[in-house]
Amino acid sequence: MVELASIVILGILAQWVAWKFKIPAILPLILIGLFVGPISTLFTENQEKWIQPQWDGKRGLFPGEGLFSFVSLAISIILFEGGLTLKRSEIKSVGPSITKLITLGAVITFFGAGIAAHYIFDLSYDMAFLFSALIIVTGPTVITPILRNIPLPKDVSAVLKWEGILIDPIGALVAVLVFEFISVGEGQAYTKTALIEFGKILLFGTTFGFTFAHALAFAIKRKFIPHYLLNVVSLSIVLLVFVESDVFAHESGLLAVVVMGMVMGNMNLPNLKELLYFKESLSVLLISILFILLAANINISDLVLIYNWKTVLLFAIIVFIIRPLGVFLSTQGSSLKFNEKLFIGWVGPRGIVAAGIASLFGTKLVQRGVPGAEYITPLVFTIVLGTVLLNATTARGFAKLLKVFLKDSKGILFVGASQFSRVIAQYLHKNNRHVVLIDSNRENVENARAMGLESEEANIFSDDLTNNLELSDIGYLMALTGSGEVNKHAIERFREQLGENGSFRLITPEEMKNPQELPEAILFSKNDDYINLMEVARDYPKINEVPLTSKEHFKEEMELLGYEKEAIPLFIKDPSGELHIIAGISSGFTIGEGSKIVYLGKPRNLIETPTAMSTSSV
């Protein structure tokens, strides 16, 4: 009981330390696991581990293969949660690069690391390629925390995120095939068996994942599942898919849960966000427990075995040669720049799937007495710990050195996706600005997506915004909801993370009555609140541009728009195409030939001058 409670307490403590110091949680988790496991035997009386995960005849938390059954089920939940976060819209411009990374890049890593391990450690090709198959994967559980703290171009973040999640089951499948080779034997028997096993894995994995995703989605949409049971029913279905798929085709469960998560993540499902929050919380707990258990399960003799220069050489070849080579060959001909490719090649930490499957297969082969099997688990853990430590400590500095670190984030986050917000966001999108709209109203979000805008259903009172990688290039925040309190909260809470270049909100009706006491960051006109904008957008949902010749001309146009109640000035577009919020420009702002005034409302040819209107009314 004490050991179980200690694992949970230490795991959550490690998660807090990781959050506090902005490092991947896997780093303190593995260090804690090694300390309470193999390292603790150095100063205990009977040379026993403080925490013994696997039953050794005297003590242990899991008898037989119970530990690895728990590891397998936990990994399935983690991969399903990762699949839920994958959106097709994120990879429109970098899709081919991701496809090549998880295919060509995986092949390069497999053969490159396998040959290196064979010659450096004198391992048989069986063991060497099992090791290389396990380190194909880059883990989403370690990449995500690293990228959350580095503002990067959207394409770079998308490539690393998708690669990390999609390559997990691919690496697992390759590891399974190599394991089958070792188990079945060489020659024709292996060739036939490998092809059959690979086909079964693909068939049952994709079939089960796709079918159950649609079945669960149908049940959610038809409300066959009560709200209070939604999360636990979804969890049970994920476990069912993993186990059933694995029964029909051994080790196909990982592929099945990833496919299921991807399919559901790209559906317009009610309560999807709520389901994702639950899975995230569960994943945090499972990861905390898993890494401590797996690290503690390593023996001190395993660590001594790899404590030499060969390990350093193998690590250097994998990190500094094989990974960059795979990235550059996979991204050849893509829209990614050289410095972006170099950064992607630098960031390749391994995660939970590599560690979990290495422990599973390594232990099984050691028990069978297979030569060289004792190297698998400690070598993979060394690669995991080394890559995480290297990337966690250097990724930010390397991003700045390569100039992929976004010093001036140009992306704009719209809090509120009502009609006028969508019209303004669409204009900005057409002017080559990355725009993201969030709203708690599903209908508003769907309308925004129908206009080709990036939009998410989200609540500004949750922590999800600061954890969203797709907001890594956001530097401007515009609060455009109908609630003054919500707008103020959005500015106060997210100004530093998402609005460092500028945070603005709509004026409230109360503030309009006291124009001398207005705050600085007001959108757009100082005479128009949410209701005015909604009314104008309802009648004239169009953004117009009027060329300017001078500052005096600008003042004349502003007077005309101010007189016209169905036109609201928004921006000044300077000759370079840069947009400036009118309410925020200073008195010294230069307006000349080539500038334009941008406004929402009645087209220019329908606006009557004050004189013309007075004449017509006579």
Side-chain angles (χ1 to χ4, degrees), residues 2-41 49-54 61-62 67-68 70-79 81-82 134-135 137-149 164-165 168 279-300 302-303 347-360 362-363 377-395 467:
V2 174
E3 289 183 337
L4 285 173
S6 299
I7 291 171
V8 175
I9 293 169
L10 290 173
I12 300 305
L13 176 62
Q15 293 281 357
W16 181 86
V17 170
W19 166 80
K20 184 67 175 178
F21 295 98
K22 297 182 179 180
I23 58 174
I26 190 175
L27 189 57
L29 286 171
I30 288 183
L31 293 177
I32 289 174
L34 291 174
F35 183 74
V36 300
I39 295 177
S40 65
T41 61
K49 298 177 181 178
W50 281 343
I51 293 179
Q52 177 64 45
Q54 198 169 14
L61 297 174
F62 296 89
L67 172 63
F68 304 112
F70 172 74
V71 169
S72 298
L73 292 174
I75 290 175
S76 71
I77 296 171
I78 294 168
L79 289 184
E81 186 267 326
L134 290 166
I135 63 162
V137 298
T138 60
T141 56
V142 287
I143 282 182
T144 301
I146 292 173
L147 299 185
R148 280 176 183 166
N149 300 311
I165 296 176
D168 267 353
K279 288 295 185 293
E280 284 176 343
S281 299
L282 187 59
S283 293
V284 168
L285 179 61
L286 290 175
I287 289 168
S288 303
I289 295 172
L290 279 177
F291 273 108
I292 292 179
L293 282 175
L294 294 176
N297 199 49
I298 295 175
N299 297 317
I300 194 70
D302 298 329
L303 299 179
V347 179
R350 274 62 177 179
I352 184 65
V353 173
I357 299 179
S359 295
L360 179 62
T363 303
T377 301
L379 274 181
V380 171
F381 264 81
T382 299
I383 300 299
V384 170
L385 186 59
T387 53
V388 170
L389 183 61
L390 178 68
N391 290 153
T393 55
T394 64
N467 294 334

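Owing to the predicted nature of the structure, the values given are computational and were not obtained by experimental measurement. Quick note: numbers below take in every heavy atom, side chains included, and nothing from hydrogens, waters or symmetry partners.
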Atom pairs and distances, side-chain donor-acceptor, residues 377-388, under 3.5 Å, sequence neighbours left out:
residue: Thr377; atom: OG1; partner: Ala358; partner atom: O; Å: 3.2
residue: Thr382; atom: OG1; partner: Pro378; partner atom: O; Å: 2.7
residue: Thr387; atom: OG1; partner: Arg350; partner atom: N; Å: 3.2
residue: Thr387; atom: OG1; partner: Ile383; partner atom: O; Å: 2.6
residue: Thr387; atom: OG1; partner: Val384; partner atom: O; Å: 3.1

If you compare all heavy atoms of [X] against all heavy atoms of [Y], which two are closest, and at what distance to 0.1 Å?
X	Y	value
Pro38	Ile300	CB-N, 3.6 Å
Ala296	Ile51	CB-O, 4.0 Å
Gln52	Glu3	N-OE2, 3.7 Å

Check whether the side chains of Asn299 and Lys49 place a donor and an acceptor atom closer than 3.5 Å, and report yes or no.
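Yes, because at least one side-chain N or O of Asn299 sits under 3.5 Å from a partner of the opposite role on Lys49.
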Pairwise side-chain hydrogen bond (donor to acceptor under 3.5 Å, both in side chains) hits with a residue in residues 8-18, at least two apart:
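The answer is Gln15-Ser288.
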Roughly how far, to the nearest 0.5 Å, is CG of Leu286 from OG of Ser76?
8.5 Å
Would you check if Leu285 and Ile289 make a side-chain contact, meaning some heavy-atom pair closer than 4.5 Å?
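Touching, per the 4.5 Å side-chain cut-off.
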With a 3.5 Å cut-off and sequence neighbours excluded, list the donor-acceptor pairs that the side chains of residues 25-37 form with protein atoms.
none

